[in-house]
Visitor: 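This is the structure, below, for whatever I ask next.
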Amino acid sequence: QADISISAGNSDAIHVQANIEVSDEAQEVIDKFFAQCELVLQPYRDGFRLKIETPLDEFRRSGRRDGLSGFFRALFRDGNDHISVSTDMQIEVPAQYSLEISNKYGDIAIAGIAGDLLIDNSSGEVSVEKSSGHLEIKNSYAAIDVQGFGGAVDIRNSSGAVDVRDITGETRIDNSYKPVRFRNIDGTLEIDGQSSEVAGSRVSGDCTINTSYKPIAVSGIGGTLTINGASCSVDAQNIRRDVDIRSSYKEISVDSVGGSLKIDSQSAPVRATRIARYATIRSSYKPIYVSDVGGTLDIDGGSCTVTVQRVENDVNIVSSYKEIQVEEVAGHLEISGGSSPVSVADIEKNVRIRSSYKNISVERAGGDVEINGSSCSVVVTDAGGNIDVTNSYKYVLIKGSRGSITVRGNSSPIDVSGIRAIPKGARIDLITTYKPVTVILPADADVKIMANTQYGKIRSDFPVYLDADSGDAKNIHFELGEG
């Protein structure tokens with residue numbers, strides 16, 4: 001039970017200075033106490049063992065559990081119970097020296113030592129600086145600070161904060177209930193915390209973090225980043241390789257990932273930007289925002305609003321009840337959104353959308369467009385491929401098409417206009433009930449037209465032919481251009 005300070009000396013000798021302070025009104029008590037104190041330095045294994053012996057140590061070894069006051073009552077039989085004892089040691093050892101330290105209720109400070117450093121402390125702060133070799137620290141209820149260590153570091157600290165920086169070697173930290181801070185780790189880093197806040201930057205290798213309930217903020221990871229943070233907010237930036245995050249209920253923000261991204265969360269808002277490879281994101285009930293993805297993107301967001309911008313490959317989105325917005329996709333786009341309003345624009349390849357009861361809008365799709373929207377209004381503008389729409393009860397507007405058009409509507413008004421091209425062999429099939437169908441064809445179109453209705457009327461700006469059994473213009477056909 002002492003405050004211990006160990007530093008590197010200039011010789012091969014070991015120098016020790018110990019200070020013991022005892023406070024009491026009776027000088028006789030103090031004199032008797034010091035008469036039984038002893039500083040012991042003796043050979044041990046391949047080195048030496050240093051120990052301070054006091055009367056209190058012997059008393060405790062005897063099995064008495066009533067502490068310092070009981071010791072003095074037993075020794076002096078005067079009922080004295082107002083004595084305090086404090087001990088500190090300043091130790092100099094050769095710079096190349098291994099240390100094994102066992103202590104309680106005191107602080108430990110080590111500087112400038114190269115060797116195996118094994119520290120077992122309790123209820124006292126531990127600091128190590130400008131040292132090297134192999135470091136193992138076990139502590140509790142007080143902080144650990146390690147700065148400038150060349151070698152592997154293994155720390156276990158229960159209910160105490162940990163701060164490590166400028167480490168050259170693998171680093172492992174086991175911690176609970178108090179913050180963990182790190183900076184400049186030249187190697188891998190593993191943190192296993194229980195209800196521990198974690199924050200740090202610049203790790204050259206892989207980084208693994210396990211904790212719960214407290215924020216996690218990391219940046220500048222040279223390898224992969226793996227986070228398992230139950231009910232933790234997560235902020236990760238500038239990760240050179242892959243990122244794998246599992247969390248729930250708190251915000252997840254990721255920016256600048258050199259590899260792939262995987263997020264598995266529940267009821268967590270998600271924001272992910274600048275992902276070099278593919279991204280897979282799962283959450284629920286909270287907004288998801290993703291932009292600038294270099295590979296494919298898969299989103300499973302039950303009852304999430306979803307916003308996606310600038311993806312260099314295919315995008316697949318599953319959500320429900322909340323708005324889905326997608327812009328600038330270089331690959332295919334597929335959306336399954338139960339009762340979700342959907343708005344997409346600037347998709348280079350095919351678009352496939354399934355939703356219900358809400359508006360669906362597609363602008364500037366380079367490939368085919370397929371929409372299944374029960375009770376959805378549908379607007380498709382400037383599609384480069386074929387268009388296939390199935391809906392009911394709401395309008396279908398198609399503008400600027402360049403391929404075949406198929407609309408299967410049930411009580412759906414249909415309006416097709418601004419057709420940019422009708423390729424050879426293309427078809428325009430428009431089917432609905434009870435509602436009008438309007439088609440505006442280019443003046444130079446080469447087409448064959450067939451139209452029929454059961455209860456409505458057919459109007460045409462072009463000369464038409466009535467079918468033989470349809471004198472009341474229920475069935476017509478005509479040709480434009482070369483047909």
Side-chain angles (χ1 to χ4, degrees), residues 273-275 278-279 288-299 301 305-319 322-337 340-356 358-373 376-391 394-409 412-430 438-442 444-445:
T273 56
R274 298 192 294 171
I275 313 302
Y278 66 86
I288 297 173
Y289 174 84
V290 184
S291 71
D292 301 290
V293 178
T296 60
L297 172 61
D298 288 283
I299 296 176
T305 60
V306 178
T307 304
V308 175
Q309 297 176 328
R310 296 181 296 278
V311 179
E312 296 298 323
N313 211 308
D314 298 343
V315 175
N316 182 68
I317 299 172
V318 178
S319 188
K322 298 296 180 68
E323 185 176 9
I324 300 171
Q325 293 183 316
V326 182
E327 297 178 355
E328 299 182 53
V329 174
H332 302 289
L333 171 64
E334 183 166 352
I335 296 174
S336 179
S340 298
V342 178
S343 175
V344 305
D346 299 308
I347 314 301
E348 291 190 12
K349 296 185 179 179
N350 297 339
V351 175
R352 177 179 293 177
I353 299 172
R354 178 184 295 270
S355 190
S356 55
K358 302 294 184 177
N359 300 338
I360 298 174
S361 173
V362 178
E363 295 184 55
R364 297 181 297 279
D368 296 340
V369 175
E370 181 181 341
I371 296 173
N372 190 331
C376 294
S377 61
V378 176
V379 179
V380 180
T381 306
D382 293 333
N386 299 327
I387 299 172
D388 189 312
V389 177
T390 301
N391 91 321
K394 298 294 180 68
Y395 61 81
V396 177
L397 302 180
I398 298 175
K399 302 177 183 179
S401 62
R402 293 178 175 84
S404 294
I405 301 173
T406 301
V407 178
R408 290 172 292 272
S412 305
I414 301 172
D415 188 299
V416 178
S417 64
I419 296 174
R420 296 182 183 273
I422 303 177
K424 187 176 181 178
R427 294 177 58 88
I428 299 178
D429 294 323
L430 309 176
T438 302
V439 181
I440 300 177
L441 296 170
D444 59 351

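The chain is numbered in sequence order, starting from 1.
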Visitor: Between R364 and D346, is the closest basic N to carboxylate O distance under 4.0 Å?
Guide: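 Salt bridge present between D346 and R364.
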
Visitor: Could you pull out the closest heavy-atom pair between I324 and S340, with the gap in Å?
Guide: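 Heavy-atom minimum between the residues: CD1-CB, 3.9 Å.
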
Visitor: Please check if the side chain of S319 supplies one atom and the backbone of G301 the other of a donor-acceptor pair under 3.5 Å.
Guide: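 Yes; at least one donor-acceptor contact below 3.5 Å.
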
Visitor: Could you grab the distance from atom OG of S343 to atom CD of E363, nearest 0.5 Å is fine?
Guide: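 Reported to 0.5 Å precision, the distance equals 6.5 Å.
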
Visitor: Between P423 and G403, which heavy-atom pair has the shortest distance, and what is it?
Guide: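 Nearest heavy atoms, P423 then G403: CD-CA, 3.8 Å.
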
Visitor: Could you pull out all residues at least two apart from Q325 that satisfy side-chain hydrogen bond (donor to acceptor under 3.5 Å, both in side chains)?
Guide: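 If we apply the side-chain hydrogen bond (donor to acceptor under 3.5 Å, both in side chains) test to Q325, skipping adjacent residues, the hits are E323.
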
Visitor: Minimum heavy-atom separation for I422 and P442, please, with both atom names.
Guide: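 For I422 and P442, the tightest heavy-atom pair comes out as CD1-CD, 4.5 Å.
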
Visitor: For N350 and H332, work out which heavy atoms get closest and say how close.
Guide: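 Scanning both residues, the minimum pair turns out to be N-ND1, 3.2 Å.
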
Visitor: Which pairs would a plain distance check flag for residues 381-388, meaning a side-chain donor or acceptor within less than 3.5 Å of a matching protein atom at least two apart in sequence or in another chain?
Guide:
unit_1 : atom_1 : unit_2 : atom_2 : d
D382   : OD1    : R420   : NE     : 3.0
D382   : OD1    : R420   : NH2    : 3.1
N386   : OD1    : S404   : N      : 2.8
D388   : OD1    : R408   : NH2    : 2.4
D388   : OD2    : R408   : NH2    : 3.2

Visitor: What pairs with E370 under salt bridge (charged side-chain N to carboxylate O under 4.0 Å, His left out), at least two apart in sequence or on another chain?
Guide: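 For E370 the salt bridge (charged side-chain N to carboxylate O under 4.0 Å, His left out) partners, ignoring immediate neighbours, are R352.
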
Visitor: In Å and rounded to the nearest 0.5 Å, what is the CD1 to CD1 distance from I317 to I335?
Guide: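 Nearest 0.5 Å value for the CD1-CD1 distance: 4.5 Å.
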
Visitor: Looking at residues at least two apart in the chain, or sitting in another chain, which of them share a side-chain hydrogen bond (donor to acceptor under 3.5 Å, both in side chains) with Y278?
Guide: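 Expected list: none.
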
Visitor: Just by distance, do the side chain of S355 and the backbone of G337 share a donor-acceptor pair under 3.5 Å?
Guide: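 Yes: the side chain of S355 pairs with the backbone of G337.
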
Visitor: Hey, could you give me the NZ/OG1 distance between K322 and T307, rounded to the nearest 0.5 Å?
Guide: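 One finds 12.0 Å between NZ of K322 and OG1 of T307.
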
Visitor: With sequence neighbours left out, what residues match K394 under side chain to side chain contact (heavy atoms under 4.5 Å, CB included)?
Guide: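 K394 satisfies side chain to side chain contact (heavy atoms under 4.5 Å, CB included) with S377, N391 once adjacent residues are dropped.
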
Visitor: If I take atom CG from residue L430 and atom OG from residue S412, how far apart are they, to the nearest 0.5 angstrom?
Guide: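 One finds 11.5 Å between CG of L430 and OG of S412.
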
Visitor: How far does CD of E312 sit from CD of E348, to the nearest 0.5 angstrom?
Guide: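 E312 atom CD to E348 atom CD measures 7.5 Å (nearest 0.5 Å).
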
Visitor: How long is the gap from OG1 on T438 to CD1 on I398, to the nearest 0.5 Å?
Guide: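 Separation between the atoms: 12.0 Å.
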
Visitor: Who pairs with D298 by salt bridge (charged side-chain N to carboxylate O under 4.0 Å, His left out), at least two apart in sequence or on another chain?
Guide: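 Residues passing salt bridge (charged side-chain N to carboxylate O under 4.0 Å, His left out) with D298: none at all.
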
Visitor: Work out which heavy atom in I440 is nearest to a heavy atom in I419; give both atom names and the distance.
Guide: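 Closest approach of I440 to I419, heavy atoms only: O-CD1, 3.9 Å.
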
